[in-house]
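Inspection log for the structure reproduced underneath, given as structure tokens.
Bear in mind the structure is a predicted one, so any value in this text is a computation, not a measurement.
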Amino acid sequence: MARTRAPFITTVSLKRETVPSFREYPFCIPAIRHLRDLRLPGPVTFFLGENGTGKSTLLEAVALASGFNAEGGSKHFRFSTRPSHSVLHEHLRLVRTVNRPRDGYFLRAESFYNVVTAAETEYGVLDAYGGRSLHEQSHGESFMALVLQRLHGRGLYLFDEPEAALSPTRQLSLLAAMHALVDQGSQFLIATHSPILLGYPDATIYLFAEEGISRVAYDETDHYIVTKSFLENPRRMLRELLVDPTRADPPDGAA
């Protein structure tokens with residue numbers, strides 16, 4: 001396993017006294033409304049939950065509070081295509097250690113195209129991504145070029161649903177790359193739905209739900225349970241899922 005190192009950020013706190021109203025977005029999101037102090041004890045932390053539970057909203061706010069551009073990239077990126085971020089970052093307190101990252105990156109799957117365009121046309125940093133145009137590669141290839149070529153270690157890396165670009169095999173490649181970067185003293189915060197990525201050893205997993213944010217074990221997540229059940233018996237699960245409750249008998253010709 002990787003060497004144990006203190007993370008760069010140990011706690012994400014909501015400055016509740018500065019919140020204008022818990023009836024307004026994003027503070028009305030249950031996970032945000034209940035947020036006080038969220039501990040980040042290790043090098044890899046996952047945010048997971050159903051759509052709309054606030055995991056990407058909080059990750060974005062941590063990224064902005066850490067000095068990253070809202071659409072992604074390194075801290076040098078300052079372009080804006082369409083501002084859509086919330087004001088949550090203005091009400092967060094990040095508790096940091098004496099360690100300081102020497103590298104960093106914020107990846108958002110939904111706006112990575114904009115980051116790639118800026119990297120090639122505005123900042124001229126194509127060499128940092130392997131020297132080949134990222135627009136001439138598939139989404140997954142360009143993302144892996146970022147991970148393997150651009151990230152240098154001892155960094156703070158925030159990824160929002162990176163699996164959106166990656167096949168299962170490439171997700172395993174990402175796990176291997178993450179492990180190497182963790183061994184070089186990096187910290188990851190990742191919002192994901194991927195049961196493969198969630199399997200990273202000894203990671204901290206936070207579930208975002210109506211009741212707030214709670215820490216869960218890997219094999220207690222719906223992502224693991226549902227995927228495991230499906231793979232063990234896909235026919236049974238599909239039969240139960242796709243059954244027509246209005247049909248008493250099987251269709252003609254069906255056994």
### Task
Can you see which heavy atom on Leu156 is nearest to which on Pro101, and at what distance?
N-CB, 3.9 Å
### Task
Any pair with a residue in residues 23-61 that passes ring pair (Phe, Tyr, Trp, His ring centres under 6.0 Å), sequence neighbours left out, goes on the list, sorted by first then second residue, please.
Phe27-His91, Phe47-Phe208
### pair Leu58-Leu88: side-chain heavy atoms closer than 4.5 Å
yes
### Message
Given 3.5 Å as the limit, does a donor-acceptor pair link the side chain of Thr45 with the main chain of Leu189, or not?
### Response
no
### Query
When the ring centroid of Tyr157 is compared with that of Tyr105, is the distance short of 6.0 Å?
no
### Query
Same hydrophobic cluster for Leu146 and Phe188, using side-chain heavy-atom links shorter than 4.5 Å among ILVMFWY?
yes
### Message
Using side-chain heavy atoms (C-beta onward) and a distance below 4.5 Å, is Val95 in contact with Asp37?
### Response
no
### Query
Does Arg170 reach the side chain of Glu141, with side-chain heavy atoms less than 4.5 Å apart?
yes
### Message
When you measure from the side chain of Tyr224 to the backbone of Gly199, do you find a donor-acceptor pair of N or O atoms at a distance under 3.5 Å?
### Response
no
### Query
Is it true that the side chains of Tyr200 and His179 contain a donor and an acceptor less than 3.5 Å apart?
yes
### Query
More than 12 heavy atoms of other residues, nucleotides or ligands under 6.0 Å from CZ of Arg235: is that the case?
no
### Query
So, Glu163 side chain and His193 main chain: donor-acceptor pair closer than 3.5 Å or not?
yes
### Query
Roughly how far apart are Thr18 OG1 and Arg93 CZ, rounded to 0.5 Å?
8.5 Å
### Query
Is there a path of hydrophobic side-chain contacts, each under 4.5 Å between heavy atoms of I, L, V, M, F, W or Y residues, that connects Val226 with Leu241?
no
### Message
A side-chain contact here means heavy atoms from C-beta on lying under 4.5 Å apart; do Ile225 and Lys228 qualify?
### Response
no
### Query
Quick one: do the Ser56 and Asp160 side chains pair a donor with an acceptor below 3.5 Å?
yes
### Message
For the CG atom of Leu151 and the CE atom of Met178, what is their distance to the nearest 0.5 Å?
### Response
11.0 Å
### Query
Is Leu14 reachable from Leu59 through a run of hydrophobic residues whose side-chain heavy atoms are each under 4.5 Å from the next?
yes
### Query
Once the angle between the rings of Phe159 and Phe143 is folded into 0 to 90°, is it parallel (under 30°), tilted (30 to 60°) or perpendicular (over 60°)?
perpendicular
### Query
Quick check: does any side chain N or O of Arg16 sit under 3.5 Å from a backbone N or O of Ser13, one acting as donor and the other as acceptor?
no
### Message
Show, in sequence, the C-alpha distance, side-chain angles and deciding distance for Ser194 and His223, and conclude whether the side chain to side chain contact (heavy atoms under 4.5 Å, CB included) test is met.
### Response
CA-CA 7 Å; Ser194 169; His223 303 64; over 6 Å; no
### Task
Ignoring hydrogens and angles, tell me if any N or O in the side chain of Thr97 forms a donor-acceptor pair with the backbone of Pro7 under 3.5 Å.
yes
### Query
Can you tell me if Ser186 uses its side chain to pair, donor with acceptor, with the backbone of Arg154 under 3.5 Å?
yes
#### Entry: Heavy-atom pair with the smallest gap, counting every atom of His89 and Ala61
CB-O, 3.3 Å
#### Entry: Salt-bridge contact Arg150-Asp103 (side-chain N to carboxylate O under 4.0 Å)
yes
### Task
Could you grab the distance from atom CD1 of Ile213 to atom CG of Leu207, nearest 0.5 Å is fine?
9.5 Å
### Query
Shared ILVMFWY cluster between Leu64 and Leu92, side chains joined below 4.5 angstrom?
no
### Summary
Taken in chain and number order and not counting sequence neighbours, the residues that satisfy side-chain contact (heavy atoms from CB on, under 4.5 Å) with Leu94 are Ile9, Val12, Val62, Ala65, Ser66, Arg96
### Query
Should the heavy atoms of other residues, nucleotides or ligands under 6.0 Å from CD of Glu50 be counted, would the total exceed 12?
no
### Query
Would you say the side-chain atoms of Lys55 pair up with the backbone N or O of Gly49, donor to acceptor, closer than 3.5 Å?
yes
### Query
Can you name the nearest heavy-atom pair linking Ser229 to Met237, along with the distance?
CB-CE, 3.5 Å
### Message
For a 4.5 angstrom cut-off between non-hydrogen side-chain atoms, does Glu210 reach Pro30?
### Response
yes
### Task
Answer yes or no: is there a side-chain heavy-atom contact under 4.5 Å between Thr10 and Pro41?
no
### Spacing of CD1 belonging to Ile190 relative to CG belonging to Leu48, to within rounding of 0.5 Å
12.0 Å
### Query
Taking the side chain as C-beta and beyond, is there a heavy-atom pair between Thr227 and Asp222 under 4.5 Å?
no
### Query
Quick one: do Glu60 and Arg108 make a salt bridge, cutoff under 4.0 Å?
yes
### Nearest-0.5 Å distance that lies between atom CG in Leu166 and atom CG in Leu197
7.5 Å
### Query
How long is the span from the CZ atom in Arg23 to the SG atom in Cys28, to the nearest 0.5 Å?
11.0 Å
### Sidechain-backbone polar pair: Arg39 side chain, Thr11 backbone, donor-acceptor under 3.5 Å
no
